[in-house]
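Worksheet for the structure shown next.
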Amino acid sequence: MKAEKYAAGDSITMMCSACDVEQNHLVQTVTKLGKITSAKCEVCSTASTFSRGVKTSVAVGKSNKAASPYDRTRKYKKGQAMMHSHFGQGEVTAVLDLQKIDVLFGDRTRRLIHAQE
Ligand SMILES: [Zn+2]
């Protein structure tokens, strides 16, 4: 995070853990120093909170919109979240080549395929 000051009502662009892409977020609350403590995605309304300047997802374990299901035909990129039917929620840690990705599920990394025709 840059040392910029924000105010509630500001609009910022950041990664939305639910949408899996960068979205406009509406700043909800800030500290006295102008640091964002929570912001809401303008597209899916998922709230994200910040802890010491690091964004953390609020949606973990909740039934509201979570990561999209893993889809082998989809093309993933680093940092994208997914929900796998066997392994649960994961995050892409590396794109190895055009059709292979490493995904971290809990504390295990698994190699999956993606971008299959
Ligand atoms: Zn969103």
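Heads up: numbering here begins at 1 and tracks the sequence. Please read all numbers here as calculations on a predicted model, not as lab measurements. First listed ligand is number 1; within each ligand, the first listed atom is number 1.
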Worksheet item: Tell me, which protein N/O/S atoms are under 2.8 Å away from the Zn ion (ligand 1)?
Response: Cys16 SG, Cys19 SG, Cys41 SG, Cys44 SG
Worksheet entry | Lys78 bridged to Asp102 by N-O distance under 4.0 Å | no
Discussion item. Test of understanding: with ring-ring contact (aromatic ring centres under 6.0 Å, His included), list the residues that count as partners of Tyr76, not counting sequence neighbours.
Written reply: none
Worksheet item: Sub-3.5 Å donor-acceptor pair from the side chain of His86 to the main-chain atoms of His84, do we have one?
Response: no
Fill in: Pair Glu42-Ser11, side-chain donor/acceptor within less than 3.5 Å
yes
Item to complete: Verify side chain to side chain contact (heavy atoms under 4.5 Å, CB included) between Thr93 and Val103, making sure each step is shown before the conclusion.
Response: CA-CA 5 Å; Thr93 55; Val103 184; over 6 Å; no
Item to complete: Is it possible for you to check whether Arg110 lies under 6.0 Å from the centre of the six-membered ring of Phe87, through NZ or CZ, and within 45° of that ring's axis?
Response: yes
